[in-house]
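To start, the structure under review is shown below, and the notes come after it.
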Amino acid sequence: MTERKRFPWWPWALFAWMAVVIWAAFFYAPAAKGFKGESARIVFFHVPQAWVAVLAFCVNLVASLRYLRRRDLVDDARAAAAARLGLVFSILATVTGSLFAKVMWGSFWNWDPREVSIAILLLVYAAYFALREAIPDDERRASLSSSYAVLAFVTMPFLVFVVPRIYWSLHPDTLINSRGSIDMESRMFQVLMGALAGFTGLFFWLYTLDVRLAKVGLRRRQREES
Amino acid sequence: MRASSLLSESLAVLGKELTSELRSRVALNAVGLFALTTLIAVAYQIGPYKIEEADRPHLLSALLWIILFFGATSGLARVFVKEEDARTAKTLRLAARPLAVFFGKLGFNLILLLGLESLVVPLYCALMSYTVEGVAGLVLVMACGAVAMAASSTMVAAIIARASGSGTLFAILTVPLALPLLVVLIQGTKAAATSAALAAVIPALRAIVSLAGVTLVAAVYLFPVVWHD
Amino acid sequence: MRASSLLSESLAVLGKELTSELRSRVALNAVGLFALTTLIAVAYQIGPYKIEEADRPHLLSALLWIILFFGATSGLARVFVKEEDARTAKTLRLAARPLAVFFGKLGFNLILLLGLESLVVPLYCALMSYTVEGVAGLVLVMACGAVAMAASSTMVAAIIARASGSGTLFAILTVPLALPLLVVLIQGTKAAATSAALAAVIPALRAIVSLAGVTLVAAVYLFPVVWHD
Amino acid sequence: MICFAAVTRVRVSFEKVGKRFDTRTVLAQLSGAVEPGRVLVVAGPNGSGKSTLLNILAGVIRPSRGEVRYRQNEEDIPRARWFAHLGVAAPDMAVYDELTAVENLMFFARLRGLEARPDSIGALLEELGLGAREHGRHVGTYSSGMKQRVKLAQAVIHEPAVLLLDEPSSNLDTAGHDAVARLVDRFRSRAAVAVATNDPREMAWSDARIELAL
Amino acid sequence: MICFAAVTRVRVSFEKVGKRFDTRTVLAQLSGAVEPGRVLVVAGPNGSGKSTLLNILAGVIRPSRGEVRYRQNEEDIPRARWFAHLGVAAPDMAVYDELTAVENLMFFARLRGLEARPDSIGALLEELGLGAREHGRHVGTYSSGMKQRVKLAQAVIHEPAVLLLDEPSSNLDTAGHDAVARLVDRFRSRAAVAVATNDPREMAWSDARIELAL
Ligand code: HEM
Ligand SMILES: Nc1ncnc2c1ncn2[C@@H]1O[C@H](COP(=O)(O)OP(=O)(O)OP(=O)(O)O)[C@@H](O)[C@H]1O
Ligand SMILES: Nc1ncnc2c1ncn2[C@@H]1O[C@H](COP(=O)(O)OP(=O)(O)OP(=O)(O)O)[C@@H](O)[C@H]1O
Ligand SMILES: [Mg+2]
Ligand SMILES: [Mg+2]
C-alpha cells in the first residue's frame, strides 16, 4: 500500500505547479478584452473550481454506484469524500463567481440561472450530508446516502444544462461555443488549461488524503472487532 | 405471471393505503385544507396588488406551483413515515416485494396530488383572476407534473422514513430535488396560460416527461435498496 | 413554592426537548434548511421581478412572513405528535403537570422560531434587496411575533396530537388562527422597513403583544383540558 | 431518594365502575379498592378489561359510570393531584428513545420535584437488573427486556404511594421476573399496589385479587 | 389455504455470524441451522442477542460478518426471495391499527399472492383464540393479547416454510399460550421453526436449542 511512502513526490510537484499557475494568472496572461480592468484574471480560478465541483460530483456518483453493487464501506467513504470536496469547490466557485459578478454585473447576486443552479446544487449536497448525519448505522447510512446521491445526480443535468438554457442568462456561454471553436487568446488559454490541470490535481490529492484517513478509521474498527 | 402478480400486489398496497387513510379520514383532506388556507393567505396578502401585466403569467404560475408543492410535501411524506412510526414497516417489509410497495405508495401519492390539483387550480384561477388560454395544455402539464412529483417524493419519503424518523428531513431532501421540476412546471403552466395552442406546452412537457421518466427508472432501481436497507 | 417548582419542571421539559432534538440533530436544523430552500425557491421565482416601488414594503414583508410561517409549521407540530407516535405521551401525562408540559414545549418552539428568524431574515433582506430602516423596530416585531406564533402553534399542536394523530391537521388549524397574527406582523414589519423611528412600529407592536397575551391566557386555561382530554 | 410520598398512605377505591366502548360493555359495576400495604392482583383472560381498569384507576380514562376516589388521611385528593402520588407502568407506555436510561430517569425525577443524583438512579437501575455499562446508551438501542426495566424504574423513582403495574414482567427473563417480585415486595409495605397480569407466576404476589371475566 | 410453500422444505443455516453495534459485539462467531421438521429454541437472558439473531436470519439486519443461507433442494435461495418463504412475528412488529383483523390478514394474504377468503381467515383467528365477534373491530381498539394473536396469524397465514417467532406468547393468557403451543406443533412437521423466548414454559418445545450468553 502507498501508506508506507511517507513523502510521495507528487504533492510537492503539485504545489510547485500551482505556484506557477498563480504567478502566470497574474503576470503571464494578458488582461482580457471585454472585461472590466484586470477582473478577467479571476476566470483562471473560477472556471477550474466550477469544473472540479462537477468532477467531484461525478466521482461521488461512481463511488455511490460501486457501493450499491459491492457494499464495501470504503466506497462509501470515497463517495463522502468526493461530495465533501465538491461542496467546498462549489462554494469557492460561487464566491469567486459572485466577486466576478460584482465587478461585471454590478451586484453580488443577480438571480442569474447559473447562480441559482449552483445554489441548488449546494443545497442538494448539503442535504446529502444532513441525511448522513441522521443515520447512526454504518451500513444503512451508506446505502441510503448512495441512493440519494444517485437520485440527486439524475436531476443534475437538468440543473446544469437545461435550467440555464430555459432562462435568459447573463453568464458567458460554455468555453466550446456553438460554432465548435474556442474563442480565447492563446496565452490565456494556456494558463486556463494549466489551472484546470492544477485544480484537478489538487482535488485528487485532497481526495486520496480523505479516503486514506477514512480507511485507517475503518481498519482500526476492524482490529477492535477481532 | 410475475408481472401480473406484481400488479395485483401493488393494488393490494394501494387498497390498504386508501382504506386506512379514508378511515382515519383526517390525513386525506388535510393536505387539501392546508393548501386551501395557504391559498387564502397568499391571495389575501398578495392578490390585491397589481402585478405588471408582463410579469403576470410567470409570477402567478410560480406562486401556484409553490402553493401546490408545499401542500403536497406536508402530506406525501406520511406514506412511509407512518409505517415506521406505527412499527408496521417491518411487517410490510417481510411480507411484500419492494416494487409492489413502491408502486402502491406511488399510486396513493399520485391520487393525492391529482385530487389536490383539481381542488386548488380552479380556486386559484378564480381568486387571483388568473386567465388560462390553453386549458388542454394546462391539464396535460398538471397530469404529467403530478406523476413526476409523486415519483420523486415517494422515493424521498422512503429514504427519510429509514433515517431515524424525522418528517422534517423530508423537506430538505425533496425541495432541492424538486426545484428543477418546479422550474419546468412553471414554464409549462406559463406557456399554457398565454397560448391556446397545444404546441406551446410541448417543450416544457418534453422536459417534464423526461424528468418523470428518469426519476421513475432511478426509483425502480433504487427503491429495493432503500427499502431493504 | 408552587410557582418555583412549576418553573423548574418546565425547564426540565425544555431541557429534555433540547437534548432529544440535539441528539437526533436533524430536526433542529431541518427547519432552518427547509426555510432556506423555500427562500431560494421564492427568491428565484419572484425575486428578479421588479415590483412597483410603492408595493415593495408590503409585498416583501408579506412574502417574508409566509416563508417563516411555512418553515415554522413544518417543525412546530412535531413537539406533541412525536410524543403520541413514540407512545411516550401517556408516560409524560402521568408524570408531569400540564402547565409544566405546556411551558416547556412553548419554550422549545420559541427557541426554534427565534433561531429560524435570525437565520432567515438577514438572508431574505440580502437576497431580495429588502432595505429595513428601523432595525430595532424589526427586532422587536420579530421577537414578539415569535412569542405569539409559538403560543398559538404549541396550543394547536397539542390539539392535533390528540385528534387521531395527524401532523398535517396542525397546519389546517394554525393557519386560520394565525391569519390575524400574520396580518399584524406584516403591518409591523412594513412599518419597521419604511421608518427608522421606533414609534412607527408601536401600533402594530401593541396589537401583536395583545394577541400574544390573549393566546397565552387562553392556552394556560385550555391546555390542561386538552392534555388530559 | 427521600420523597414526600414515602410517608403518605393513599387508598384508591372504586365504586360501581363501568366502562363501555361504543356498544360493548367492558367493565360493569365493579367495586373494590387498592389498599396501602397490600397488593391487588387483577387477573382475567386477554381482553377482559384489566388494562382498562388500571387506566381508570390512574385517571387516564374516565369511567362511563361509577367513581374512583383517592383518599389520604380521610381526605379526598382532587383528580388533578392524583398524578403526584401515582407510579404507572403499562405496555402502551414508553420512555424516550433518544435519551439514555439515566437521562430518562433524571427527567422523570425532576418532573416530580426530586433532586435525583445519577448514582441513586444507577442504584435503582441495578436493582432492576440493568448493569452499569448499559446506563449510558440510548434507550432506542435497548432490547425489549431492557426497555421494560427502564419503564419500571420510571414508575417507582419517586416512591409513589400508589403503584399500578400492567404486565410488569412481560419481555423479562427469569432474573428480571425475580427483580420485579422483589420490587413489588419492597412496595408492599408502604404503597397501594395493583398488578394486572397474564402470568401465573405473578398471581402468587396477591394479597387481594380481582378476577375479571370476558 | 393451499400454498406453494407448504410442500417446500427450506433449511436456514448460519455460519460464523457476528453482529456489532458501534463498539459492542452482540453476536460472535455463531453457527447453526434451523432445520425443517424441528423447532430451534433460542434462549438467553435479556439483551443476549436473541432478537438480533432472528433479525439476521430473517434478512432484516445484515450481519457484520459471517453468512446466512437458505437452501431448498440443495439450491441456495437468493436473498431477495427469502421473504416469500418466511413468516415472522416479533415484539417490534405491528399490524395496521386502522384495519380490522380480517382486513389485515386479507391484505397480507394478497401480498403473498394467495386467494384468501374471509372464512378461512376467520378459522385461523379462531384457532388462535380470537372469537368471531372481535373480527370486525379495528385492531387499534384491541387489548395487548388480542393484538399479539393477530400478529401471530399474520406470520402463518401463508403456511411459510420458515417460521421465526420472537417471544410469541408475550401478553398472552394461558389459553393463548396453549394456542401458540398447538400452532408450533402444527408447524413442527412441515416447517423450519425458530422461537426466541424468555418464558421457561416455551423451552419445552425445543428439538434443538441455542443458549446465548450476555
Ligand atoms: C455568482 C456568480 C457565478 C456563479 C455561481 C458561476 C458559476 C459557474 C459555473 C457553475 C460554471 C461551470 C459551468 C459549466 O461547467 O457548465 C461557470 C463557468 C464559467 N463562468 Fe461563472 N459563475 C458566476 C459568475 C460569473 C461571471 C460574472 C463571469 C464573467 C462575466 C463568469 C464567467 C464564467 C466563464 C467564462 C465560465 C466558463 C464557461 C465554461 O467553460 O463552461 N462567471 N460559472
Ligand atoms: N379505545 C377502545 N375502543 C374500543 N374498545 C376498546 C378500547 N380499549 C379497549 N377496548 C376493548 O376493551 C376490552 C378490554 O381491553 P383491555 O385492554 O382492558 O384488556 P386486558 O384485560 O388488558 O387484555 P390483555 O390481557 O390482552 O392486555 C377489549 O375487548 C378491547 O378490545
Ligand atoms: N440498533 C442497535 N444499536 C445498538 N445496540 C443494539 C441495537 N439493537 C440491539 N442492540 C443491543 O444488542 C443487544 C441484544 O439485543 P437483542 O434485542 O437481540 O436482545 P434479546 O436477546 O432479544 O433481548 P430481550 O430478551 O430483552 O428481547 C442489546 O444489548 C441491545 O441493546
Ligand atoms: Mg392489557
Ligand atoms: Mg428480544
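In what follows, chains carry the letters A, B, and so on, assigned in the order in which the sequence lines appear, proteins first and then strands, with residues in each chain numbered from 1.
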Check your understanding: Please walk me through it: do Arg137(E) and Asp22(D) pass salt bridge (Lys or Arg N to Asp or Glu O under 4.0 Å)?
Key -> CA-CA 11 Å; Arg137(E) 202 139 54 87; Asp22(D) 301 324; over 6 Å; no

Review point. Does the side-chain contact (heavy atoms from CB on, under 4.5 Å) test come out yes or no for Val180(E) and Trp205(E), once each step is laid out?
Key: CA-CA 11 Å; Val180(E) 178; Trp205(E) 301 343; 3.6 Å; yes

Review point. Under 6.0 Å from the six-membered ring centre of Phe187(E) and within 45° of its axis: does the NZ or CZ of Arg190(E) meet both?
Key: yes

Check your understanding: Which one of Lys50(D), Gln148(D), Arg24(D), Glu167(D) has the most heavy-atom pairs closer than 4.5 Å to chain E?
Key -> Arg24(D)

Exercise for review: Identify which part of Ser170(D) has an atom lying under 4.5 Å from any heavy atom of chain E, answering side chain, backbone, both or neither.
Suggested key: side chain

Exercise for review: Select one option (side chain, backbone, both, neither) describing which atoms of Ser144(E) are under 4.5 Å from chain D's heavy atoms.
Suggested key: side chain

**Study point:** chain D interface, residue from His177(E), Met146(E), Arg149(E) that has the most non-hydrogen pairs under 4.5 Å
**Key:** Arg149(E)

Point to revise | side-chain contact (heavy atoms from CB on, under 4.5 Å) evaluation trace for Tyr96(E) with Val139(E) | key: CA-CA 7 Å; Tyr96(E) 294 95; Val139(E) 170; over 6 Å; no

Review point. If you measure only the distance, is there a donor-acceptor pair under 3.5 Å linking the side chains of Ser51(D) and Asp166(D)?
Key: yes

Revision key, fill the gap. Comparing Thr141(E), Thr174(E), Asn171(E) against chain D, the one with the most heavy-atom pairs below 4.5 Å turns out to be Asn171(E)

Point to revise | Expected output: side-chain Lys151(E) to main-chain Val95(E) donor-acceptor under 3.5 Å | key: no

**Study point:** chain E neighbours within residues 191-200 of chain D, where any heavy atom lies under 4.5 Å away
**Key:** Asn198(D), Pro200(D)

**Study point:** Basic-acidic side-chain contact under 4.0 Å: Arg182(E), Asp185(E)
**Key:** no

Point to revise | chain E interface, residue from Thr52(D), Asp92(D), Leu172(D) that has the most non-hydrogen pairs under 4.5 Å | key: Leu172(D)

Check your understanding: Which members of residues 126-136 of chain D, sorted by number, sit under 4.5 angstrom from chain E on a heavy-atom basis?
Key -> Arg133(D), Glu134(D)

Check your understanding: Where is the tightest heavy-atom contact between Leu152(D) and Pro168(D), given as atom of each residue plus distance?
Key -> CD1-O, 3.6 Å

